[in-house]
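All remarks here apply to the structure that follows.
Order of the sequence lines sets the chain letters (A, B, ...), proteins ahead of strands, with each chain counted from 1.
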Amino acid sequence: MKTILIVDDSTTMLMSMEGILKRAGFQVETATSGDAALKKLSVSCPDLMITDLNMPGMDGITLIKEVRKVSGMRFKPVLMLTTESQQAKRNEAKAAGATGWLVKPLKPEELLSVVQQVSPGN
Amino acid sequence: MRESKQRPESIRYQERYLILNRDQLVKGAIVIGFMFLAIWLVSNIVFFSYFDASNYELWPGTYLKLGAILMVFVTLVLFPSALYIYTVMLTRKNIGFENLVVGKKEDMDVTVQSIHQAIDGIPVACKVLTEQTQGISRETESAAKEIVANVTCLEREVEKLSDHIMLAIEDSSSIKQEGESKAVKIAQSLENMSDFIDARAKELEQHKERIMMVLEGAESLSAMTGMVKNIASQTNLLALNAAIEAARAGEYGRGFAVVADEVRNLSSESEKAAQEIEDGINNLITSIEMNMSLVLDDDRVETEARQLSEFSNQVKVVYKLYSRYDELNSRLLKILDEDSDRIRSSVMETLAGVQFQDITRQRLEQIQKWLDRIAEHLQEALNSMSSSGDLAQLGDFQVNEMRGDYHMESQRDAHDSIIGLVERSSENESPKIELF
């Protein structure tokens with residue numbers, strides 16, 4: 001069973017994403033900040049990470065830069081899930097090492113399709 | 001790209017009225033005071049230069065008249081001109097309209113007070129609105145969590161129900177397997193029973209035929225006892241005749257008489273034996289007829305065959321009903337399976353719908369932020385008015401800064417529709433999902 005780490009400061013977003021992905025057969029871990037996510041990564045690395053962009057404290061782009069320094073996460077897919085739609089931010093995320101950019105709100109089939117597409121082994 | 005809709009009311013107001021702050025009014029007053037002093041000095045110089053003290057004439061000559069005209073000219077023309085030039089100069093400096101209106105001090109104080117009263121509550125109102133939006137954010141978050149909890153609970157209940165039904169179907173499946181083997185046995189038994197019914201009917205027929213033959217044989221034996229009795233009767237008659245002839249022969253016939261007597265006894269016993277045989281045969285026939293009458297009864301055979309056949313048919317009906325039940329179970333399983341998928345899909349859709357709360361929260365947070373900014377700006381303006389600060393230095397409220405703060409296209413669209421910007425082309429919009 002593949003593990004996905006979701007990072008978002010909104011607990012409702014975490015509940016929503018966790019609910020969808022668990023029902024699709026994934027094992028889900030959650031973190032409400034970049035620091036909490038990095039702490040989890042120091043223990044074990046998921047197969048995929050989905051992070052929000054605008055979070056208090058560490059933002060999503062900084063988090064991706066930090067995540068790419070973790071040896072087990074260097075080549076793992078990391079998706080950005082945000083309300084932000086500006087191209088400049090996308091380019092910034094791409095440069096930081098993001099695998100893809102998803103704009104909220106996402107339909108379950110859209111989310112699962114992207115997750116399947118970027119999951120290792122596909 | 002951008003074009004203003006209409007010039008704001010404030011600018012038009014500024015063009016119609018000259019509005020000055022306190023410092024500017026003081027400066028203006030000093031300038032005008034000096035001008036008055038200058039005019040007064042010039043007037044005095046001119047007047048005393050041409051005043052003829054020896055004659056005590058106020059208007060001694062032409063020069064004096066010219067001086068007086070000059071004084072009047074300066075007072076009536078130069079002073080208003082200086083004042084006009086001064087005010088035009090101030091207007092060109094684009095002094096902010098939001099300061100004080102030129103007028104009597106009392107009037108200005110009243111104006112300041114009115115403006116204070118008018119906008120004094122707005123910073124507080126902004127804070128109240130911020131609190132209200134935070135309340136909306138909290139309520140939507142709690143509603144969203146409740147939706148998730150309810151949906152999850154509902155799903156759990158449906159899963160439980162589904163599990164129960166699946167268990168029941170599994171049980172019925174094992175019963176079905178058992179039932180299938182039994183049904184095969186029942187079908188085999190039915191087959192055997194049918195054969196048995198046919199064989200039994202045939203067997204009974206054969207029994208009947210054999211018994212009839214036995215009865216016929218017994219009846220023919222009965223006829224043969226009649227012959228024996230007849231022979232015994234004739235033998236008796238012959239023995240009687242022989243006894244008569246022996247008596248006629250006298251002494252010589254004594255031995256023969258003994259034989260004749262024995263013969264007659266023999267014939268009498270033969271007759272008796274024949275009678276006993278006949279009685280025995282008749283008893284046997286009666287006994288067979290009595291005992292076999294139930295077996296040989298045709299109606300009873302038919303009734304038995306019909307009952308067996310009916311039983312067989314009923315068993316077949318039960319077997320068919322059972323097969324239908326099995327089919328229903330299979331259909332129920334399929335429906336349950338499809339329904340479970342549909343429910344899972346609906347739950348996932350509902351969970352995805354909860355994202356609205358995060359989007360609403362972010363929009364409300366930005367509204368809160370800008371309400372705070374408006375409140376700060378107004379507070380600064382009020383402070384400037386109260387402490388005779390320079391309102392011109394406060395600067396305009398930069399509405400366009402708000403635009404740079406937005407995350408969502410819908411926020412930018414809403415902003416642009418109010419500010420009056422030309423709608424952006426949707427072709428330039430970035431895709432919702434982009435893999436790098």
Which atoms of E155(B) are under 4.5 Å from chain A, going by heavy atoms: the side chain, the backbone, both sets, or neither? side chain

Hey, are E29(A) and T3(A) close enough side-chain-wise for a donor-acceptor pair under 3.5 Å? no

Is a donor from one side chain sitting under 3.5 angstrom from an acceptor on the other, for T30(A) and E18(A)? no

Is there a side chain to side chain donor-acceptor pair (under 3.5 Å) between N91(A) and Q87(A) once you walk through the steps? CA-CA 6 Å; N91(A) 294 341; Q87(A) 192 57 46; 3.2 Å; yes

Portion of Q362(B) that has a non-hydrogen atom of chain A nearer than 4.5 angstrom: side chain

Residue T12(A) versus chain B: region with a heavy atom under 4.5 Å: both

Among the listed options M80(A), R90(A), K89(A), Q86(A), the residue most often paired with chain B at heavy-atom distances under 4.5 Å: R90(A)

So what's closer than 4.5 Å to chain B heavy atoms on L79(A): side chain, backbone, both or neither? side chain

Find the one option among M348(B), Q411(B), K145(B) whose heavy-atom pairs under 4.5 Å with chain A are most numerous. M348(B)

Do the rings of H415(B) and Y406(B) sit parallel, tilted or perpendicular, given the 30° and 60° boundaries? perpendicular

Which atoms of L112(A) are under 4.5 Å from chain B, going by heavy atoms: the side chain, the backbone, both sets, or neither? side chain

Under 3.5 Å: donor-acceptor pair, side chain of R23(A), backbone of G19(A): yes

With a 4.5 angstrom heavy-atom cut-off, which part of E109(A) approaches chain B: side chain, backbone, both or neither? side chain

M17(A) versus chain B, the contacting section by heavy-atom distance below 4.5 Å: side chain

Is it the case that the side chain of K76(A) and the backbone of M49(A) share a donor-acceptor pair, with hydrogens and angles ignored and the cut-off at 3.5 Å? no

Where on V151(B) is there a heavy atom nearer than 4.5 Å to chain A: the side chain, the backbone, both, or neither? neither

Is any side-chain heavy atom of T32(A) less than 4.5 Å from a side-chain heavy atom of D9(A)? no

